[in-house]
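Read through the structure below, which is laid out as structure tokens, and then see the notes.
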Amino acid sequence: SSDLFDGVLPLLQVFYSGYFHHPVGDNSQHFHEIKTSRQLALRLIKISQNISQFMTHEMQHRQFRCSLTTVLAALALDVSTKDVTRFQGDSFKNDVKSVAKEKYEREYCKEKELNVKLKHFVQNFRRAYQQRNSVHDQLGFPMNKKYCEDEDEDESLPLGKEFQAHVQAFCKSGAVVSPECKQLFEQLCILYGAHDLRQIGETDRLQLERLSVRTLQVLRAIICNQIVLVPSLRDGVKIPPAYTVAMENVTAVQTTINSYDAVLKVIPLLSQQNSDVVRETDRKS
């Protein structure tokens with residue numbers, strides 16, 4: 001069935017809508033083409049009379065209906081049999097639960113319920129492992145403040161002690177960036193300079209892209225961990241010393257990272273095809 005819906009039907013729809021032209025008047029010069037096309041149309045009509053019960057997705061029905069209508073229109077055939085009219089109509093919504101789908105739902109309804117429960121368990125376990133998205137839970141500072149944007153937003157970061165331990169491996173203490181941080185930028189240059197992604201295998205390419213995304217996230221988190229520690233200011237209140245110290249820490253981290261030619265080394269990643277790599281590069285730069 002995949003050959004029919006992925007290959008044959010799209011080909012018929014494109015050919016008869018864009019390339020086939022039914023001759024007007026004397027068609028003796030194109031007799032064989034028209035005869036073959038009419039036979040094809042009759043075959044499609046016959047298939048349409050029996051195929052509905054085997055379709056489990058409305059997209060399949062819509063695709064077959066569009067292809068059948070295109071062929072009939074190109075040949076100027078007026079076919080109004082009950083079966084074809086029903087198939088070309090909108091009655092598929094009533095027949096969507098075919099015999100195959102009903103049998104599948106009967107046999108696997110319990111597995112479906114278990115999958116829903118498993119999904120909820122995994123989500124709850126993940127929240128417990130990652131802890132709350134707060135500065136207190138992620139960095140251990142007594143601040144009732146959100147650490148980063150949520151997962152479905154633009155500026156999200158991985159949560160959990162494991163990720164923070166990874167970040168701290170490239171920070172000596174506080175706002176002091178470890179010299180090893182420079183190696184992260186060198187690593188990105190080496191990875192994309194030594195490998196042509198068109199020449200490596202799928203598994204190696206996926207590993208390379210995951211490594212690149214995580215590297216960029218670590219670099220962004222090094223700066224983010226200082227920014228979130230900057231206390232909020234209130235109107236009319238004198239700037240506290242803690243605010244000044246926190247801003248100096250942010251500046252120190254940014255200056256150190258910029259000294260590694262950070263922007264120049266990550267900008268080439270914007271040309272990569274993987275959207276995750278491009279999105280994370282854009283956040284970092």
Side-chain angles (χ1 to χ4, degrees), residues 133 135 138-141 143 145-231 233 239 242-285:
N133 183 12
V135 175
Q138 298 301 317
L139 301 181
F141 284 84
M143 297 179 68
K145 184 179 180 182
K146 196 173 184 178
Y147 172 67
C148 66
E149 292 187 353
D150 293 328
E151 192 174 12
D152 57 345
E153 296 179 295
D154 292 335
E155 301 294 333
S156 63
L157 279 170
L159 302 178
K161 294 182 178 180
E162 181 181 0
F163 178 70
Q164 290 302 325
H166 195 176
V167 174
Q168 292 304 315
F170 299 94
C171 294
K172 285 186 176 180
S173 61
V176 181
V177 179
S178 173
E180 285 77 11
C181 180
K182 184 178 181 179
Q183 296 178 4
L184 294 178
F185 293 102
E186 300 297 337
Q187 171 183 286
L188 291 173
C189 292
I190 293 173
L191 287 176
Y192 285 91
H195 297 92
D196 184 352
L197 298 187
R198 297 170 298 180
Q199 302 297 327
I200 65 176
E202 181 72 10
T203 302
D204 293 336
R205 183 182 62 80
L206 292 175
Q207 291 178 348
L208 177 62
E209 291 171 347
R210 285 195 294 267
L211 177 60
S212 302
V213 170
R214 179 47 60 95
T215 301
L216 292 167
Q217 288 174 338
V218 169
L219 291 170
R220 187 158 57 90
I222 292 174
I223 301 176
C224 174
N225 286 0
Q226 299 304 319
I227 294 177
V228 296
L229 297 181
V230 177
L233 294 178
I239 297 178
Y243 178 86
T244 304
V245 173
M247 288 302 298
E248 290 176 351
N249 290 339
V250 173
T251 302
V253 170
Q254 290 178 330
T255 301
T256 302
I257 291 180
N258 286 336
S259 68
Y260 302 147
D261 295 329
V263 175
L264 294 178
K265 291 179 178 177
V266 301
I267 276 185
L269 274 66
L270 290 172
S271 63
Q272 299 303 316
Q273 295 182 351
N274 184 278
S275 59
D276 293 333
V277 175
V278 174
R279 183 166 50 249
E280 195 60 44
T281 303
D282 185 53
R283 294 168 179 169
K284 176 66 185 69
S285 57

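Quick note: residue numbers are just sequence positions, from 1.
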Under a 3.5 Å distance rule, please check whether Asn133 uses its side chain to pair with a backbone N or O of Leu159 as donor and acceptor.
no

Can you tell me how far the CD atom of Gln183 sits from the CG atom of Leu188, to the nearest 0.5 Å?
12.0 Å

State which residues pass side chain to side chain contact (heavy atoms under 4.5 Å, CB included) with Glu186; sequence neighbours excluded, sorted by chain then number.
Lys182, Lys265

Parallel, tilted or perpendicular: ring planes of His166 versus Phe170, cut at 30 and 60 degrees:
tilted

Which heavy atom in Ile257 sits nearest to a heavy atom in Ala262, and how many Å separate them?
O-CB, 3.5 Å

Measure the shortest side-chain to side-chain distance between Asp150 and Ser156 over non-hydrogen atoms and say whether it is less than 4.5 angstrom.
no

Check: Asn225/Gln164 side-chain N/O donor and acceptor closer than 3.5 Å
yes

If you round to the nearest 0.5 Å, how far is CG of Leu184 from OG1 of Thr215?
6.0 Å

Heavy-atom nearest pair, Tyr260 first then Pro179, reads OH-CA, 4.3 Å

Are any of the side-chain heavy atoms of Pro158 and Arg214 separated by less than 4.5 Å?
yes

Any sub-3.5 Å donor-acceptor pair from Glu155's side-chain atoms to Glu149's backbone N or O?
no

Verify the neighbour count for atom NZ of Lys146: are there more than 12 heavy atoms of other residues, nucleotides or ligands below 6.0 Å?
yes

Would you name the heavy atoms of Lys145 and Val230 that are closest together and state the gap between them?
NZ-O, 2.9 Å

Can Arg220 and Gln217 be counted as having a side-chain donor-acceptor contact under 3.5 angstrom?
no

Non-hydrogen side-chain atoms of Val228 and Phe141 separated by less than 4.5 Å:
no

Using modelled atom types only, decide if a donor and an acceptor are shared between the side chain of Gln138 and the backbone of Gly160 within a distance under 3.5 Å.
yes

One should read off an interatomic distance between Tyr147 OH and Leu139 CG, to the nearest 0.5 angstrom, of 5.5 Å

Would you say that Leu211 contacts Gln207 through its side chain, given a criterion of any heavy-atom pair below 4.5 Å between the two side chains?
no

Answer yes or no: is there a side-chain heavy-atom contact under 4.5 Å between Phe185 and Asp261?
no

